[in-house]
Amino acid sequence: MSFAQLKSKSGTFEKLQAELNKINEPVKASFSDDRFWKPELDKSGNGYAIIRFLPQPADEDLPWCRVWSHAFSGPGGWYIENSLTTQGRNDPVSEYNTELWNSGNESDKEIARKQKRILKYYSNILVVTDSRHPENEGTIRLFRYGKKIFDKLTEAMNPAFDDEEALNPFDFWKGANFKLKIRKVDGYWNYDKSEFDKPETMMEGDDEKLEKVYNKLHSLQEFVGPDSFKTYDELKEKLHKVLTGTSVRGTVENFQPKQVETF
């Protein structure tokens with residue numbers, strides 16, 4: 001999609017709303033990668049920044065991608081891998097977790113809970129305000145975030161009440177800045193107070209500046225492409241090593257159920 005086509009579609013985001021409906025039906029990234037931006041808390045345990053979610057890159061369909069992963073430890077070390085369920089495929093950890101869950105033993109269920117999938121989203125953003133690191137302001141970065149923030153995006157695009165107007169947060173011209181407000185609640189980062197500002201055209205609608213931003217967007221497809229995932233057999237061998245502390249060659253014949261975890 002060219003920049004001119006992007007502008008012509010400003011205000012129209014039925015495709016994004018349709019994709020949300022799909023998602024609501026029942027990664028691998030390193031923050032040493034300087035393409036990524038991550039907020040920081042102050043000494044009081046609070047964080048504040050203003051960001052602007054940006055449109056989908058050229059030749060990509062959506063301004064976000066989502067990745068399921070697992071992160072847990074066992075006798076053989078840590079298992080930190082993207083899940084093949086991201087691609088709609090069978091994954092050995094999900095299969096094993098389903099086996100544990102279906103055993104009927106509470107201890108097995110607790111293990112499955114500790115090994116359950118983690119959902120993260122990736123989007124391009126413009127860092128508008130970053131009081132902890134002002135040098136980030138004005139930069140185009142990748143942002144990795146969880147379901148709570150994605151729920152805020154969902155609510156903006158599909159408001160619950162008739163007196164609320166739907167907003168496409170990823171739109172250059174009719175989107176809005178996002179005020180990211182973080183508090184520590186029971187030891188975890190809480191985003192409940194985060195909110196969108198009133199709709200505002202980015203960079204006062206200067207097409208030359210906006211097109212420069214558009215041309216700098218990072219690809220999102222790399223995070224869901226084949227290079228971001230190990231093969232089923234590789235993951236199965238890794239799982240065996242983590243759970244038992246021993247390595248095997250080839251496929252592992254344990255953990256066979258083909259259902260995907262639903263808990």
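When a residue number appears, it is its place in the shown sequence, counting from 1. Atom set for the values below is all heavy atoms of this structure, side chains included, hydrogens, waters and symmetry mates excluded.
At least one side-chain heavy atom of Asp207 sits under 4.5 Å from a side-chain heavy atom of Lys7. Side chains of Asn177 and Glu200 form a contact here, defined as non-hydrogen atoms less than 4.5 Å apart. You'll find the side chain of Lys236 stays beyond 4.5 Å of the side chain of Leu239, heavy atoms only. Taking the side chain as every heavy atom from C-beta outward, Trp101 and Lys109 approach each other to under 4.5 Å. Annotation: side chain of Tyr79 is not in contact with side chain of Ser73 (no heavy-atom distance under 4.5 Å). Between Phe170 and Trp64, some side-chain heavy-atom pair lies under the 4.5 Å cut-off. Residues Leu54 and Val213 form a side-chain contact, since some pair of their non-hydrogen atoms from C-beta on lies under 4.5 Å apart. With contacts defined as side-chain heavy-atom distances shorter than 4.5 Å, the pair Leu142/Leu220 qualifies.
Ile140 and Ile51 fall into different hydrophobic clusters, where Ile, Leu, Val, Met, Phe, Trp and Tyr are joined by side-chain heavy atoms under 4.5 Å apart, directly or via other members. In the hydrophobic clustering of this structure, Met203 groups with Phe172; members are Ile, Leu, Val, Met, Phe, Trp, Tyr whose side-chain heavy atoms approach within less than 4.5 Å, directly or through other members. There is a path of hydrophobic side-chain contacts, each under 4.5 Å, that joins Ile149 to Met157. Residues Met202 and Ile125 fall into different hydrophobic clusters, defined by Ile, Leu, Val, Met, Phe, Trp and Tyr side chains chained together at heavy-atom separations under 4.5 Å. No single ILVMFWY cluster, assembled from side-chain heavy atoms under 4.5 Å apart, contains both Leu126 and Leu167.
At most 12 heavy atoms of other shown residues, nucleotides or ligands fall within 6.0 angstrom of atom CD in Glu208. No more than 12 heavy atoms of other residues, nucleotides or ligands sit less than 6.0 Å from atom CG of Asp162.
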Check the pair Asn82 / Ser69 against side-chain hydrogen bond (donor to acceptor under 3.5 Å, both in side chains), numbers first and verdict last. CA-CA 4 Å; Asn82 286 342; Ser69 63; 4.8 Å; no

Quick one: do Tyr232 and Glu95 satisfy side chain to side chain contact (heavy atoms under 4.5 Å, CB included)? Show the steps, please. CA-CA 11 Å; Tyr232 181 92; Glu95 292 173 356; 2.5 Å; yes

May I have the step-by-step check of side chain to side chain contact (heavy atoms under 4.5 Å, CB included) for Lys241 and Thr246, ending in yes or no? CA-CA 5 Å; Lys241 180 179 179 181; Thr246 60; over 6 Å; no

Between Asp233 and Glu237, does the side chain to side chain contact (heavy atoms under 4.5 Å, CB included) criterion hold? Intermediate values first, please. CA-CA 6 Å; Asp233 287 346; Glu237 183 174 347; over 6 Å; no

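No salt bridge links Lys174 with Glu165; every basic N to acidic carboxylate O contact stays at or beyond 4.0 Å. With respect to Arg113 and Glu106, a salt bridge is recorded, a charged nitrogen being found less than 4.0 Å from a carboxylate O. Look at Glu81 and Lys230 and you find a salt bridge, because one of the NZ, NE, NH1 or NH2 atoms lies within 4.0 Å of a carboxylate O, short of that distance. Taking the charged nitrogens against the carboxylate oxygens, Asp42 and Arg132 have no contact shorter than 4.0 Å, which rules out a salt bridge.
In this structure, OG on Ser123 lies 13.0 Å from CZ on Arg66, to the nearest 0.5 angstrom. With rounding to the nearest 0.5 Å, the separation of OG1 in Thr139 from NZ in Lys216 is 10.0 Å. Separation of atoms NZ (Lys114) and CD1 (Ile111) is listed at 7.5 Å; rounding is to 0.5 Å.
Note on ring orientation: taking the six-membered ring where Trp is involved, the planes of Phe36 and Phe223 are perpendicular (angle over 60°, cut-offs 30° and 60°).
Side chains of Tyr214 and Gln56: no donor on one and acceptor on the other come within 3.5 Å. Asp130 and Trp37 share a side-chain donor-acceptor pair at under 3.5 Å. A donor atom on one side chain and an acceptor atom on the other are not found under 3.5 Å apart for Asn124 and Arg141. Asn190 and Arg183 are linked by a side-chain donor-acceptor pair at a separation below 3.5 angstrom, with hydrogens and angles left out of the test. No side-chain donor from either of Thr129 and Glu137 sits under 3.5 Å from a side-chain acceptor of the other. Counting only N and O atoms by type, the side chains of Gln115 and His70 include no donor and acceptor under 3.5 Å apart. Side-chain polar atoms of Arg117 and Thr85 form a donor-acceptor pair below 3.5 angstrom.
Residues passing the ring-ring contact (aromatic ring centres under 6.0 Å, His included) test with Tyr145, sequence neighbours excluded: Phe53, Tyr121, Phe143. By the ring-ring contact (aromatic ring centres under 6.0 Å, His included) test, Tyr48 is found to be paired with no residue, residues two or more places apart in sequence or in another chain being considered.
Geometric assessment of Lys181 against the ring of Tyr191 yields a negative cation-pi assignment under the 6.0 Å and 45° thresholds.
Within the 3.5 Å criterion, the main-chain N or O of Asp108 finds no donor-acceptor partner in the side chain of Asn105. No donor-acceptor distance shorter than 3.5 angstrom exists from the side chain of Ser228 to the backbone of Val224, with no hydrogens or angles considered. Listed for the Thr231 side chain is a donor-acceptor partner under 3.5 Å among the backbone atoms of Glu234.
Within the 6.0 Å centre-distance limit, the rings of Trp173 and Phe3 are counted as a close aromatic pair.
Across Pro199 and Ala176, no two heavy atoms sit closer than the pair CA-CB, 3.9 Å.
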